[in-house]
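First up is the structure itself, then whatever we jot down about it.
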Amino acid sequence: MPASISTAQWLSADPVYSYVTSASVTNGTWTSWQQDTNANCTANTAVTTTLDLVWYSWYDSSRQAVNQPYIRFAPDYPVQTAEAQAAREVERVERIRVRNEANARAELLLKENLDAKQLQELAGTDRFTVISKDGTRHYRIFRGRSRNIERIDALGRRMHTLCAHPVDDVPDADTMLTQKLMLEHCEEDFLKVANRS
Amino acid sequence: MQFSIMVGPMSLAALKEMCPPETEIRMGDTKIIFDSTKPDEVDAARATFNKLTGKGYRAFKAEGEKGIAGTSITEFDPKAERLIFVPRIAGGC
């Protein structure tokens, strides 16, 4: 419901706006709001004499104070209804179901493409070791999407971390299989794009 | 011949245009089976292969038993039994 207050009320209703009654105010923000010297503002000891179009809109053409409607807008977010909440919950559950199924399919594909030793490592430690095609470099791939690859030395000690993954947000198991295939068959291309730390 | 395509939410719509119309595109792993004894299916497989690799997917041919390393291929091989298509990669954090 719109409410209406007079300019004078408006000027004095708020402690911040009351700055207009002080001739000594030097506040940068409020001097720009006090640039009209009509009767009303003078009565409130405005500090400048410059006409300001923004401030002018609060007065009529005869420079008399007029009441301006003060409208408090209702927030524009939708009303929460039980039906809408239930529909969102259904969507949320469906998203989780789709994601879980995708994870399960990706996990199966990963396991189909690991050898026995890698499968054993994955089951025991949630990571597996990949050896470059020429057999000289070893990498350890952890479950995850980013910063989940370590270059390791012959004793299994970390030398540095690598980070590269599919641009699409595929399940972690798909990411790990991509990293494995790239390191085994396209190692040079992988290392070109991977960030190292 | 079996295609395994890694699918994420960003590529769902695009893949529907790249794969045969009857394919059910699913996130995680979409499998397409082509009968390599039928010329029209081999042609469909070749067309799909070219579309996927043209969009940045990399194809790996899995050979022998599952889990045994295969090779990366850039040209369609009608004799391949299993192909895995992985999305383009980018450097992370």
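Heavy-atom basis, side chains included; hydrogens, waters and symmetry copies ignored.
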Q: For residues A/Leu177 and B/Val86, determine if any side-chain heavy atom of one lies less than 4.5 Å from a side-chain heavy atom of the other.
A: no
(Q) Taking side chain as everything from C-beta outward and backbone as N, CA, C, O, which of these in A/Asn103 sits under 4.5 Å from a heavy atom of chain B? Side chain, backbone, both or neither. (A) neither
**Q.** CZ-CD distance between B/Phe60 and A/Glu184, expressed to the nearest 0.5 angstrom
**A.** 9.0 Å
Q. Are A/Ile141 and A/Leu162 co-members of a hydrophobic cluster defined by side-chain heavy atoms under 4.5 Å apart?
A. yes
(Q) Applying a heavy-atom distance below 4.5 Å, give me the residues of residues 19-28 of chain B that approach chain A, sorted by number. (A) B/Arg26, B/Met27, B/Gly28
Q. How long is the gap from CZ on B/Phe85 to CG on A/Leu181, to the nearest 0.5 Å?
A. 12.5 Å
Q.
I need the minimum non-hydrogen distance between B/Ala62 and A/Asn113, along with the two atoms involved.
A. CB-OD1, 4.3 Å
Q. Going hydrophobic residue to hydrophobic residue with side-chain gaps under 4.5 angstrom, can you get from A/Leu191 over to A/Ile152?
A. no
Q.
I'd like to know if B/Ile5 and A/Val170 are part of one continuous hydrophobic network [Ile/Leu/Val/Met/Phe/Trp/Tyr, side-chain heavy atoms within less than 4.5 Å].
A. no
(Q) Within a 6.0 Å radius of atom NZ on B/Lys38, are there more than 12 heavy atoms belonging to other residues, nucleotides or ligands? (A) no
(Q) Do B/Met18 and B/Ile73 land in one hydrophobic cluster if side-chain heavy atoms of ILVMFWY residues count as linked below 4.5 Å? (A) yes
Q.
Is B/Ser4 close to chain A through its backbone or its side chain, or both, or neither, when contacts mean heavy atoms under 4.5 Å?
A. side chain
Q. For B/Glu75, does the CD atom have more than 12 heavy-atom neighbours from other residues, nucleotides or ligands under 6.0 Å away?
A. no
Q.
Are there over 12 heavy-atom neighbours, none belonging to B/Lys31, within less than 6.0 Å of that residue's NZ?
A. yes
Q | Best-contacting candidate, A/Val98, A/Val193, A/Leu108, against chain B by heavy atom pairs under 4.5 angstrom | A | A/Val193
Q) Side chain of B/Asp29, backbone of A/Leu109: donor and acceptor closer than 3.5 Å? A) no
(Q) For the CZ atom on A/Arg196, are there more than 12 heavy atoms of other groups (residues, nucleotides or ligands in this structure) within a distance under 6.0 Å? (A) no
Q. Is it the case that one hydrophobic cluster holds both B/Ile84 and A/Val130, taking links as side-chain heavy atoms less than 4.5 Å apart, direct or via other members?
A. yes
Q | A/Arg151, CZ atom: more than 12 neighbouring heavy atoms under 6.0 Å | A | yes
**Q.** Max heavy-atom pair count under 4.5 Å with chain B, selected residue of A/Glu107, A/Glu101, A/His165, A/Arg145
**A.** A/His165
Q: Inspect the contact between A/Asp168 and B/Arg88 and indicate whether a charged nitrogen and a carboxylate oxygen are less than 4.0 angstrom apart.
A: no
Q: Assess whether atom CD of A/Glu89 is packed by more than 12 heavy atoms of other residues, nucleotides or ligands within 6.0 Å.
A: yes
Q: State, with a plain yes or no, whether a side-chain heavy atom of B/Arg58 is found less than 4.5 Å away from one of A/Met182.
A: yes
Q) What distance do A/Thr178 atom OG1 and B/Met6 atom CE have between them, rounded to the nearest 0.5 Å? A) 3.5 Å
(Q) Let's go through B/Ile89 and A/Val167 carefully: what are the C-alpha distance in whole Å and the side-chain angles of both, what is the deciding distance for side-chain contact (heavy atoms from CB on, under 4.5 Å) to 0.1 Å, and is it a yes or a no? (A) CA-CA 5 Å; B/Ile89 63 164; A/Val167 290; over 6 Å; no
